[in-house]
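Naming convention: chains lettered A, B, ... in sequence-line order (proteins, then strands); numbering from 1 in each chain. What you see is a predicted model, and the numbers here were worked out from it, not measured in a lab.
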2 protein chains.
Amino acid sequence: MGVTIKDVARAANVAPSTVSRVVANHPRISEKTKQRVREAMEQLGYHPNYQARSLASKSSQTIGLVMPDSTDRIFQNPFFPEVIRGISKIAHSREYAICMSTGETEAELYDGVVRMVQGGRVDGLILLYSKINDRVTNYLKERDFPFVMVGKPHTDMDAINHVDNDNYSAAKEITEYLIKKGHERIAFVGGSPDMVVTIDRLEGYKQAITQASLTLHDEYIVREKVLREGGEEAAIELMNLPNRPTALIVTDDMMALGILRVLNEIGVNVPKDVSLISFNNALITEISQPPLTSVDIQIFQLGYQAGKCLIEKLEQPDEPTKRIIIPFKLVERNSCDNYRASTQKDVKKKK
Amino acid sequence: MGVTIKDVARAANVAPSTVSRVVANHPRISEKTKQRVREAMEQLGYHPNYQARSLASKSSQTIGLVMPDSTDRIFQNPFFPEVIRGISKIAHSREYAICMSTGETEAELYDGVVRMVQGGRVDGLILLYSKINDRVTNYLKERDFPFVMVGKPHTDMDAINHVDNDNYSAAKEITEYLIKKGHERIAFVGGSPDMVVTIDRLEGYKQAITQASLTLHDEYIVREKVLREGGEEAAIELMNLPNRPTALIVTDDMMALGILRVLNEIGVNVPKDVSLISFNNALITEISQPPLTSVDIQIFQLGYQAGKCLIEKLEQPDEPTKRIIIPFKLVERNSCDNYRASTQKDVKKKK
DNA sequence: TTGTAAGCGTTATCAG
DNA sequence: CTGATAACGCTTACAA
């Protein structure tokens, strides 16, 4: 295919090993030869062969990305491009390549990961999801293969590098935010119940409700597997409740958007009749009408820090296990309003 | 790191080369030894080392993905996850890995590609964009490196494998669709003017307008670099025109969504006052209110076929250059209506 | 500071 | 049908 280290060596009148050293910027090499070799490289258009390098050095300088299985349409969630952008950024600057692994089913995905790992294609992995009892996670832990998780591990928190938001606090905070606005009947619409993020946020929500001495209604809690369709059905059911909620916490912008639509269809106005608040702060929250109040979880940072953490681990294997918490920020737009009893049929107290 | 071909050979009492043959499913090998070797592999948990394999066979079995530079927020466009899903599907089934290349600037991106190519990291590339005078494209053409483009090449159409929609016809068709609905003042809001897709669609639009003997107003044609913000400004300008359009063709769903919002804000109702039709048929078109009429360009297929085309090229280098056209389909939702003069101040004729 | 030579884990070319 | 053996392009002791 191309020009090899030997060609360069010949051209520069040095040994191949010297060229290798120049490429690696080895300190004990004279400036003179460095110059000479670099010129030769330039002239011949030399580029190191990564396969050979990997083979010899037993490191591929590439990071593997593991997506959740793409059976549902979760993939269309802008979350992924954005984390990837963050990971790319740091990877690029540290000269790591990025390899993706996807699969339609969990088994396919697992297979892909095993091949990547055992085949030596990647030095480490970043898991772009966190769910309970995950085969991939178990496999990696068992093999003691370097990886970092975006999200909170369900078990072994202290043994798994991860970068996450404080989802518990975030959910608690926005619930309190709604309570402060006078809402007492607040519903929670979460994603798949086996995603850790759902669990955490639900916990924060519950805590806030309880702490405010409000009653926790089971009917107000919905967790749906499918990102969109589920949310929409859930919304209708919630609205059909005899004592329907006046505010909705939705754990994903896309889902919230879907809910917004059905609400409109059945004549429920946001934010007048129902307040809506969601997570992720994707581009669409700005575009939506009304623009959605949403929790900015800093997806880009999530990715960037995950990448950084992994690379550090790879380059200094004795680096301690880390837990990195990315701050969140509530971005207020126009989907939340104060509770006004007057607009509701089933009036309670409250002015 | 792990168990190698030699370990397996020893365990099965054969030569390493025999193991290699078994892995490759070489025909001239007895069933007996195949069995024996396979058992040994199973027992030892053998997985071939890809780096070594690549080095020896001079093929990496991986496909590189080249994204557009991520300076604007184009990356948040659901187009990308979806093409990637398509590419993944075929890649997975043919046992190819996927390597991503991104960069913030064009230069960074170009660098990444060169490293991938010259470093032997990938056997071929898929470009997920098509723009005029692209450095990456030129480089690949010059080196005669296998690649396929998603979209239509600006030049050398016959020499570049590509998969595309017939964007000219698509645009023409939807323009005619609007004309049939009675619209005579139809505006075109496209993306960056140096993306080939913008050029093609604009051409189709123009053709339809001219063929219907309507006048082509320059003020009705807008091309904006930035995906969202641009579109929104454009919409306001269009609406401020003395003779404002009654229908808008927007070349991207996200953009259309943004436009939809500003239209609402300035009191212009879609579809009553203005009809809106867009491209891509992303999930958000269903969620939007009103749901958007959009052209389904079958993004998944675009990716799948691009992957297939590349792999075929890689495995049979004498495969002729291909041009694959994926059919589109207009998906009617609720953002288009018949033109009704009554709702407009500046009444023309037309019933 | 630089050169020599032995791998890294495969595949491929010959023999047999 | 199977076994030696030489690459593949690079890194890295070990020498010099």
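- If you check the side chains of A:Arg94 and A:Gln61, you find no donor sitting under 3.5 Å from an acceptor.
- Enclosure of atom CD in B:Gln43 is not indicated, since only 12 or fewer non-hydrogen atoms of other residues, nucleotides or ligands lie within 6.0 angstrom.
- A donor and an acceptor atom, one from each side chain of B:Ser54 and B:Ser60, are nowhere located under 3.5 Å apart.
- At whole-Å resolution of the value, CD in A:Gln61 and P in D:dG9 are 20 Å apart.
- B:Arg10 has its CZ atom 14 Å from the P atom of D:dG3, to the nearest Å.
- Listed pair A:Lys58 / C:dG9 meets the phosphate criterion, a side-chain N or O lying under 4.0 Å from OP1 or OP2.
- The CG atom of B:Leu55 sits 9 Å away from the P atom of D:dC10 (whole-angstrom rounding).
- In this structure, CG of B:Asn49 is placed 6 Å from P of C:dT10, rounded to the nearest angstrom.
- Straight-line distance from the CZ atom of B:Arg121 to the P atom of D:dC10: 13 Å, rounded to whole Å.
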Next item on the list: Before giving the answer on side-chain contact (heavy atoms from CB on, under 4.5 Å), spell out for A:Asn161 and A:Lys313 the whole-Å C-alpha distance, their side-chain angles and the decisive distance to 0.1 Å.
Entry: CA-CA 9 Å; A:Asn161 283 298; A:Lys313 178 74 185 169; 4.0 Å; yes

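- The existence of a salt bridge linking A:Arg85 and A:Glu82 is confirmed by a sub-4.0 Å separation between a basic side-chain nitrogen and an acidic carboxylate oxygen.
- No side-chain N or O of B:His47 forms a donor-acceptor pair with one of A:Arg115 less than 3.5 Å apart.
- Within residues 26-44 of chain B, the residues approached by DNA chain D to less than 4.0 Å at the level of any non-hydrogen atom are B:Arg28, B:Ile29, B:Ser30, B:Thr33, in residue-number order.
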Hey, what are the protein-to-nucleotides 11-15 of chain C N/O distances that come in under 3.5 Å?
residue: C:dT11; atom: OP1; partner: B:Arg53; partner atom: NE; Å: 3.1
residue: C:dT11; atom: OP2; partner: B:Ser20; partner atom: OG; Å: 2.4
residue: C:dT13; atom: O4; partner: B:Arg21; partner atom: NH2; Å: 3.2

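- Looking at A:Asp134 and A:Tyr139, their side chains never bring a donor and an acceptor atom within 3.5 Å of each other.
- Rounded to whole Å, the distance from CD on A:Gln118 to P on C:dT10 is 12 Å.
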Next item on the list: Could you walk me through whether A:Glu106 and A:Arg135 pass the salt bridge (Lys or Arg N to Asp or Glu O under 4.0 Å) test, one step at a time?
Entry: CA-CA 8 Å; A:Glu106 205 200 343; A:Arg135 237 176 123 192; 5.8 Å; no

